[in-house]
Amino acid sequence: MSEQDTHEPAAYDVAAVQDKWLPVWDELQPFRADDDSPREKKYALTMFPYPSGDLHMGHAEVTALHDVIARYWWQRGFEVMNPMGWDSFGLPAENAAIRNNEHPATYTYANIETQYESFKRYGISFDWSRRLHTSDPEYYRWTQWLFLKFRERGLAYRKNSPVNWCPNDQTVLANEQVVDGKCERCGAEVTKRELTQWYFKITEYAQELLDCLDDLEATWPARVVTAQRNWIGRSEGAHVSFAVEGRDEPITVYTTRPDTLYGATFMVVAADAKLAADLVSDEQRAALDEYLTEVRKSTEVDRLSTDRPKTGVFLGVHAVNPVNGERIPVWAADYVLADYGTGAIMAVPAHDQRDLDFAKKFDLPVRRVVDTGEPNPEETYEATTGNGVYVNSGSLDGLTDKAAGIHAIIERLQADGAGEGTVNFRLRDWLLSRQRYWGVPIPVIHCEKDGEVPVPYDQLPLELPELRGADLKPKGVSPLAAAEDWVNVECPTCGGPAKRDSDTMDTFVDSSWYFLRYCSPGYTEGPFDVEKAKTWMSADIYVGGVEHAVLHLLYARFFTKVLRDMGMLGVGEPFAAQLNQGFVINRGKKMSKSLGNGVNLGDQLAEFGVDAIRLTLVFAGPPEDDIDWAEMSPAGSLRFLQRAWRLSGDVSSPAGTPAEGGDVALRRVTARTVHDAAELVEGYRFNVMIARVMELVNATRKAIDSGCGPEDPAVREAAEAVAILLSLVAPYTAEEMWERLGHEPTVARAGWPAVDPALLVEESVTAVVQIQGKVKARLEVAPDISEADLEQLALADEGVIRAIDGRPVRKVIVRAPKLVNVVV
RNA sequence: GCCCCGGUAGCCCAACGGCAGAGGCAGUGGUCUCAAACACCAUCCAGUGUGGGUUCGAAUCCCACCCGGGGCACCA
């Protein structure tokens, strides 16, 4: 051995340390959650990935943040369930299969294995014994089971309706999947089609989904709560019925301003609603058809542009205003939506800008019924919407308050049988059928004689037929429809010829209950063991991307409430708390192929090691903030880890040395750091927590080199605390330190360091003396000094006396023990 | 257009209404080296986007505005 080798090495071999500990952890399985443990339970959940290729920086960030919490809970003595799986049905696999002439499962399961290996090496504290894939028949059998149960409860049903159609993916989309008129997945412009599709009746839970948000406000990110409130879109108003000349059926409208009823000068029905076709006069039928053709030509993108000029067509009929008997024309237009409210409105141009724009365009009358003190909209073409005095409004005249006006008119309408107060939601039912292959087959058989017949429970799972390559090409109907052997079956009821439903389910169905399956992953008697779910639910934290603010999170909440009503769950909300991470960007821009600014996670891990990358991501800033990788320094993180690691080699007291009697100054720093670290983790302030650990490392270094020396027990205490605190972020370095400090693995389960409360009390603090708010002196005082003593001490200070310079003291503010402010 | 979040040192970020700086990056100077890189030690650096207000005292609270980011946007 050369002389150099006997010296303490300056750095450890990152790759070797990773290779060393992985098999040890595999052996120890320190993160296996025991359902029957007497310890208090915590459920740490992070959004499971779609298996597209290998893990990327985004996965690295979210799991690193998430793992801080999970590992913290273990250290604090909880029994922690931290499961992981894959959301493995979906279009990318299907498109890859078409390209490569193979089965979607090939792509899917190969990627899952890649990601699994990467996760393991990345050192996240997942309990792999609970691993699941939503594309496994053993999983989707229960997705089908749930679908059938929902159907039995009237919560899954079919209806014919205009739906969003993505011409690129050749499938329908839920409203939530259409963003700015474009397909959320591929960006193609969405068109409308009239189709019979399956829906979940999420609207039945609209009010509860809204109400429960109040309780989540404290623990969910505000923007998620706001997004859900907006999406549910509750409004209060009234239904008002207008008789139609020459027709028995009235037109019922929904309005939030029934108090402006006297100002209704025309009506508008959605041009694409059945109502328009029913109402139109023979003379105007051609005009309506022509208009409809126009409307259908315009894309969803045009339709949604707010400043588009109003268009419409007169339907050739008149309706009668129920409160004043006035005869008003009925128009059709595309600014009224067929599937909101009743698909028809009363137009009050004076007090609604959209109606006013329309009135102006078609030269329809405008009549003000609320005088708000603003200029008359009849002249300005600026609608007024505020409170004011009612005019031209019969019995409402003279009222000055909107709420009173609304109340009065609703009473009147109800008395006359012409309307009633009502609540309306923007939320629509969840369209769940998809015309694609790689998803859960809908377990329903269509029989000419018996209609919809559910696949019997004992025949679940209804597995997908084997299709691959060109058989999967989108052609407007599901590829399943062409699988003759599969689609043609005997009717379970009558035995006659019947066909299977050939659509598959939206993959959001799969992810609406996966967190329940984790509670009892191998369970064969149902989707999950009710008792086990009781043990673990709700998830104590759900970490993931804010892009799921409405879609996934709303659907999962809906499923949870239905399962509660089915008696299978004791809770009505799935996720007690939530944390959203920001994006990892590069040079100010989202990483993308076209920009050529992608950062490869594998390369980063190879260069700096797992711990340094994890540390960099967690230390970068608050979790919700975006991280610009170009501004980060993984090299700096690695340097810090090596500094921390060197401490463990310098400690010269034996393992087990009691810390009592060690250097008090260092012991105070250790105690304070451990104490604060807990609060910081619980407040998701991981970056600050790490800064505090860095401070502790610096203080320990100083103590070794120029303080109490490496043999002092306080140094051991500090180094051990560093190892445990670092185990939340840098598991390999922490484990290596722990071993060098003379302990058995694993540091991850070592337990949170005990803190002597006496060490948290400072023996002296620095009090600041200000004159006119400017600091003039500092005093070392006891932390429990009285205000009177501190004031006396301050006023006796020479520097203070000089600063006051004989001026009369007008007031002295004392905040013991930290501050005295003298006002002269 | 409406709503939300944020603007602190060259950069990323801290700071119960009480000393503007905890931590890191970069920089500078040293130690080490034949030299360099690495590493280590030391050190410089802003008065908190702008303008008002409240207060003994404001980065922090209030008002207005500017800039950046995000969300919503014919939902009657």
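Here is the naming used below: chain letters follow the sequence lines, and residue numbers restart at 1 for every chain. What you are looking at is a predicted structure, and each value in this text was computed from that prediction instead of being measured.
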What's the closest nucleotide to the [X] side chain, out of [options]?
X: A/Met632; options: B/C12, B/A39, B/A76; result: B/C12
X: A/Arg701; options: B/A39, B/C12, B/C41; result: B/C41
X: A/Met694; options: B/G24, B/C74, B/A76; result: B/G24
X: A/Arg643; options: B/A76, B/A14, B/C41; result: B/C41
X: A/Leu337; options: B/C40, B/C74, B/A76; result: B/A76
X: A/Asn821; options: B/C56, B/C12, B/A76; result: B/C56

Are [X] and [Y] linked by a side-chain donor-acceptor pair shorter than 3.5 Å?
X: A/Asp357; Y: A/Tyr335; value: no
X: A/Asp355; Y: A/Gln353; value: no
X: A/Thr422; Y: A/Tyr254; value: no

Do any side-chain nitrogens or oxygens of [X] fall under 4.0 Å of OP1 or OP2 in [N]?
X: A/Asn698; N: B/G24; result: yes
X: A/Arg229; N: B/C3; result: no
X: A/Arg639; N: B/A26; result: yes
X: A/Lys811; N: B/C56; result: yes
X: A/Ser235; N: B/A76; result: yes
X: A/Arg426; N: B/A73; result: yes
X: A/Asn687; N: B/A14; result: yes
X: A/Arg223; N: B/C3; result: no
X: A/Arg685; N: B/A14; result: no

Whole angstroms only, please: what is the [atom1]-[atom2] distance between [X] and [N]?
X: A/Glu695; N: B/A14; atom1: CD; atom2: C1'; result: 10 Å
X: A/Leu356; N: B/C74; atom1: CG; atom2: C1'; result: 14 Å
X: A/Gln581; N: B/C5; atom1: CD; atom2: P; result: 20 Å
X: A/Ile406; N: B/A76; atom1: CD1; atom2: C1'; result: 13 Å
X: A/Trp645; N: B/A39; atom1: CH2; atom2: C1'; result: 12 Å

If you look at every strand shown and take non-hydrogen atoms under 4.0 Å, does [X] touch a base, only sugar-phosphate, or nothing?
X: A/Phe640; result: nothing
X: A/Arg234; result: nothing
X: A/Ala227; result: nothing

Only pairs with both distances under 3.5 Å count, Watson-Crick or wobble alike; so what is the partner of [N] in this structure?
N: B/C72; result: B/G1
N: B/G6; result: B/C67
N: B/A14; result: none
N: B/C45; result: none
N: B/C40; result: B/G30

With a 6.0 Å cut-off on the ring centroids, do A/Phe358 and A/Phe266 count as close? yes
A/Leu790 and its side-chain contact (heavy atoms from CB on, under 4.5 Å) partner, picked from A/Val814, A/Leu819, A/Val812: A/Val814
Classify the side chain of A/Gln770 and the base of B/G18 as holding, or not holding, a donor-acceptor pair under 3.5 Å.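 Yes, the side chain and the base share a sub-3.5 Å donor-acceptor pair.
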Whole-angstrom distance between B/C25 and B/C40, as gauged at atom P: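 It comes out at 9 Å once rounded to the nearest Å.
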Using the C1' atoms only, state how far B/A22 lies from B/G71, rounded to an integer number of Å. 33 Å
Give a yes or no answer on whether the side chain of A/Asn586 reaches the backbone of A/Asn597 with a donor-acceptor pair at less than 3.5 Å.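 Flag set: sc A/Asn586 to bb A/Asn597 pair under 3.5 Å.
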Is the backbone of A/Val729 close enough, under 3.5 Å, to the side chain of A/Arg614 for a donor and an acceptor to pair up by distance? yes
5'-most by nearest nucleotide on RNA chain B - A/Arg692 or A/Gly233: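 It is A/Arg692, whose closest nucleotide lies nearer the 5' terminus.
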Both A/Asn230 and A/Thr226 contact RNA chain B. Which one's nearest nucleotide lies toward the 5' end?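 Final value for this comparison: A/Thr226.
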With a 4.0 Å heavy-atom cut-off, tell me which residues in residues 255-269 of chain A come close to RNA chain B, sorted by residue number. A/Thr255, A/Thr256, A/Arg257
Is the positively charged end of A/Lys360 above the ring of A/Tyr381, judged by distance under 6.0 angstrom from the centroid and angle within 45° of the axis?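 Positive - A/Lys360 is close enough to the ring of A/Tyr381 and near enough to its axis.
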What residues form a side chain to side chain donor-acceptor pair (under 3.5 Å) with A/Gln604, not counting sequence neighbours?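 Per chain and number, A/Gln604 pairs via side chain to side chain donor-acceptor pair (under 3.5 Å) with A/Trp629.
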Gap between atom NZ of A/Lys310 and atom CG of A/Leu356 - 0.5 Å precision: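 It comes to 10.0 Å.
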